[in-house]
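Here is the structure we will look at, set down as structure tokens.
All of these numbers come straight from a predicted model, not from anything done at the bench. Side chains are part of it too, since the values below use all heavy atoms of this structure and drop only hydrogens, waters and symmetry mates.
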Amino acid sequence: MACEDDSNLEALKTAMENLNAQQPSSSSRNDTASGNGVEVTCFTEVVDDVTLHLQIIHLGKQIYAWIGCNSGKLGHLYAAASTRPNNTASVTCVLGGNSDNTGTGIARRLVLKTGLNIMLASNIPKNSPLLEANAEKKLVEKLIHLGYAIPKSKGASS
């Protein structure tokens, strides 16, 4: 099993290196230099002996995010958007999974934090609340660093 995971990880690394080599005017972190307005950010974090692979693709008014847990598999795909009049977030499962999977909560909170439509793919195992919280924390930290999160207003009451 570990050998298979290592070979999958090596295949993922090789594919990412090939993709980066095909983009001569940009890096894997930012593709706005090429003029297409798409920003791609890929990073890996090790949290509690679990490797999280994360990718953020900013498409103007929408963000696609992928969270991979110990593998490069897509996992379940969720779509989330802000709904009126209460500025809440609605989430639907687009591929695999259902409404009680880990990705629905993350997608809903990302919409509320960014104000953008979210497509989230995640293969975080079910019933892993600590891993889910850590993955969301790392993703939100990167979104804030990239300037995609809405700053909290200082006098607003909730």
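- A distance-only check finds a donor-acceptor pair linking the side chain of Asn123 to the backbone of Cys69 [under 3.5 Å].
- Between the side chain of Thr83 and the backbone N or O of Thr88 there is at least one donor-acceptor pair closer than 3.5 Å.
- Here the CG atom belonging to Leu52 is positioned 12.5 Å from the NZ atom belonging to Lys137, to the nearest 0.5 angstrom.
- Listed here is the closest heavy atom pair of Val111 and Ala80: CG2-CB, 3.4 Å.
- A 4.5 Å side-chain heavy-atom check between Val91 and Leu120 finds every atom pair outside the cut-off.
- Taking 4.5 Å as the limit, every side-chain heavy atom of Tyr148 sits out of range of all side-chain heavy atoms of Lys142.
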Determine, stepwise, if the pair Leu146 / Glu39 fulfils side-chain contact (heavy atoms from CB on, under 4.5 Å). CA-CA 10 Å; Leu146 295 170; Glu39 298 176 18; 5.6 Å; no
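- In plain terms, the two heavy atoms of Ala135 and Ile124 that are nearest each other are CB-CD1, 3.7 Å.
- Counting heavy atoms from C-beta on, the side chains of Lys113 and Val140 come closer than 4.5 Å.
- Note on Leu139 and Leu112: separate hydrophobic clusters, where clusters join Ile, Leu, Val, Met, Phe, Trp and Tyr whose side-chain heavy atoms are under 4.5 Å apart, directly or indirectly.
- Within the model, atoms OG1 of Thr114 and NZ of Lys61 stand 14.0 Å from one another, a figure rounded to the nearest 0.5 Å.
- Taken to the nearest 0.5 Å, the CG atom of Asn117 stands 9.5 Å off from the CD1 atom of Ile63.
- Within the model, atoms CZ of Arg108 and OH of Tyr78 stand 11.0 Å from one another, a figure rounded to the nearest 0.5 Å.
- Contact of the His58 side chain with the Leu116 side chain is registered, since non-hydrogen atoms from C-beta on lie closer than 4.5 Å.
- One distance of note links CD1 of Ile67 with CD of Gln55; it measures 11.5 Å at 0.5 Å rounding.
- For Ser128, the side-chain contact (heavy atoms from CB on, under 4.5 Å) partners are Pro125, Leu131, not counting sequence neighbours.
- Residues Leu77 and Tyr64 form a side-chain contact, since some pair of their non-hydrogen atoms from C-beta on lies under 4.5 Å apart.
- By the 4.5 Å heavy-atom criterion applied to side chains, Ile57 and Trp66 are not counted as neighbours.
- Asn134 is not listed as a side-chain neighbour of Val50, based on a closest heavy-atom distance of 4.5 Å or more.
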